[in-house]
2 protein chains.
Amino acid sequence: MEQNVIDASGLLAISTRLQRLSDQIRKDGLLIYKAFGIDFQPKWFPVLYTLYKKSTMSVVSLSDEIGYAHPSTISLLKELEKEKLIRSKKDKVDTRKRLVELTEKGITLLSTMEPVWDVIIKATAEITNTQNNLMKAINEVEAALKEKSFLQRAELYIKK
Amino acid sequence: MEQNVIDASGLLAISTRLQRLSDQIRKDGLLIYKAFGIDFQPKWFPVLYTLYKKSTMSVVSLSDEIGYAHPSTISLLKELEKEKLIRSKKDKVDTRKRLVELTEKGITLLSTMEPVWDVIIKATAEITNTQNNLMKAINEVEAALKEKSFLQRAELYIKK
DNA sequence: GCAATATATGTAGTTAACTACATATATTTG
DNA sequence: CAAATATATGTAGTTAACTACATATATTGC
């Protein structure tokens, strides 16, 4: 197998390679939704799917849940509000909070997406279910990083 | 292990999770270089490392090598030229081409980075060498995608 | 050997995340 | 219970990749 310099650099370029793979999958994801005639952007997935599963959430708890900084979530919510897929209301107990939920249109969209998800899950399973399973690898790495960060581990080698 | 909705959605959010992991590693990468007192941004890595290994390349061949669109490479090159880490000259045979190479300063910087790379490689190995090896998983998935894209695979399921 | 096509580079504008800062409301503490 | 601190949301600006388009030079084919 011929290899380019970056792939050959292996662990050094791991961040680059993760991003490259992410982009590639995201672009094809958009095309799959299009093939189903569904007006949906992959970047909406984390917010909408979480609201689909958890119904009502505040901006920060939603951000924590999907692992985004809150301004990223706010800008997605703005866009989704314009699309009338979500709506928000004030929390009566804690008035700082804005509670976000799917609209009827949002719920309808998400339910029409279930067959698409089925296809995506199957195609992704096909791709990732190699000798080293990518999903499992991600889970394992994230667990390892939670225990001790990349930087902390590197620091131990620096001191030696 | 408690899980959030996105992680639980598994294969559906794979692109999101790859990106999240990439960001996390990149940020720590920057801090590691800082800890060594080296003025280096992780985003420079693909270009500089490739030039370190291959000496002289044109803009497009460099872009292909690192897997970036050529305008991305051009803007990195502009930045690196300002830092005096690379320089360019016209190809005498094919005058459309701009040949790029490391300067002395670039070569020096890269060679001072070898001990840092050593640390990064060790820390990364520690993190990725779990039951399912992340690097191997990426390699396997990229190979699978090269053979048949995510979209093409999904299309087969749509037709059924 | 010229017209059509392909390739190489460059510019402009977009995108989808981020950080830093600002403000309002809740909660905690002396 | 008021001051200090913490939390929730929002805005502005940045970043690091992208696509679309433009131009110049090479190559190919009639």
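Labels below follow one simple rule: chain letters A, B, ... track the order of the sequence lines, proteins then strands, and each chain is numbered from 1.
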Contact class for B/V60 vs. all strands (heavy atom < 4.0 Å): base, sugar-phosphate, or nothing? base
Answer with base, sugar-phosphate or nothing: what part of the nucleic acid does B/S75 contact at a heavy-atom distance below 4.0 Å?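 Counting heavy atoms under 4.0 Å across all strands, no contact is made by B/S75.
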Can a side-chain donor-acceptor contact be found between B/S61 and B/S58 if the only test is distance below 3.5 angstrom? yes
Identify all side-chain donor-acceptor contacts of residues 70-80 of chain A below 3.5 Å with residues at least two apart in sequence or on another chain.
{"from": "A/S72", "atom 1": "OG", "to": "A/A69", "atom 2": "O", "distance (Å)": "3.4"}
{"from": "A/T73", "atom 1": "OG1", "to": "A/S63", "atom 2": "OG", "distance (Å)": "2.8"}
{"from": "A/S75", "atom 1": "OG", "to": "A/S72", "atom 2": "O", "distance (Å)": "3.4"}
{"from": "A/E79", "atom 1": "OE1", "to": "A/K43", "atom 2": "NZ", "distance (Å)": "3.1"}
{"from": "A/E79", "atom 1": "OE2", "to": "A/K43", "atom 2": "NZ", "distance (Å)": "3.0"}
{"from": "A/E79", "atom 1": "OE2", "to": "A/W44", "atom 2": "NE1", "distance (Å)": "3.0"}

Using the side-chain hydrogen bond (donor to acceptor under 3.5 Å, both in side chains) criterion, which residues pair with [X]? Sequence neighbours excluded.
| X | result |
| --- | --- |
| B/N132 | A/E140 |
| B/D23 | none |
| B/E114 | B/Y52 |

When both hydrogen-bonding distances must be under 3.5 Å and the geometry is Watson-Crick or G-U wobble, what is C/dG1 paired with, if anything? D/dC30
With a 3.5 Å limit on both atom pairs, tell me what D/dT7 is paired to, counting Watson-Crick and G-U wobble, or say none.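 Looking at the geometry, D/dT7 pairs with C/dA24.
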In chain order, what residues pass the salt bridge (Lys or Arg N to Asp or Glu O under 4.0 Å) check against [X], with sequence neighbours excluded?
| X | value |
| --- | --- |
| B/R153 | A/E126 |
| A/D94 | A/R96 |
| B/D118 | B/K122 |

Range on DNA chain C touched by chain A - first to last nucleotide, heavy-atom distance under 4.0 Å: C/dA16 to C/dA26
Within residues 21-41 of chain B: residues closer than 4.0 Å to DNA chain C (heavy atoms): B/K27
What residues 83-98 of chain B contributes to the DNA chain C interface at heavy-atom separation below 4.0 Å is B/R96, B/K97, B/R98
For residues 97-113 of chain B, which residue pairs qualify under salt bridge (charged side-chain N to carboxylate O under 4.0 Å, His left out), counting only residues two or more places apart or in two chains? B/E81-B/R98, B/R87-B/E101, B/K89-B/E101
Here's a test of your reading of the structure: between B/T73 and A/K78, which maps to the more 5' nucleotide of DNA chain D? A/K78
Side chain of B/S15, backbone of A/S22: donor and acceptor closer than 3.5 Å?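 Yes; judged by distance alone, with no hydrogens or angles, the pair exists.
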Considering residues at least two apart in sequence or located in another chain, which fulfil the side-chain contact (heavy atoms from CB on, under 4.5 Å) criterion with B/Q24? A/L145, B/L21
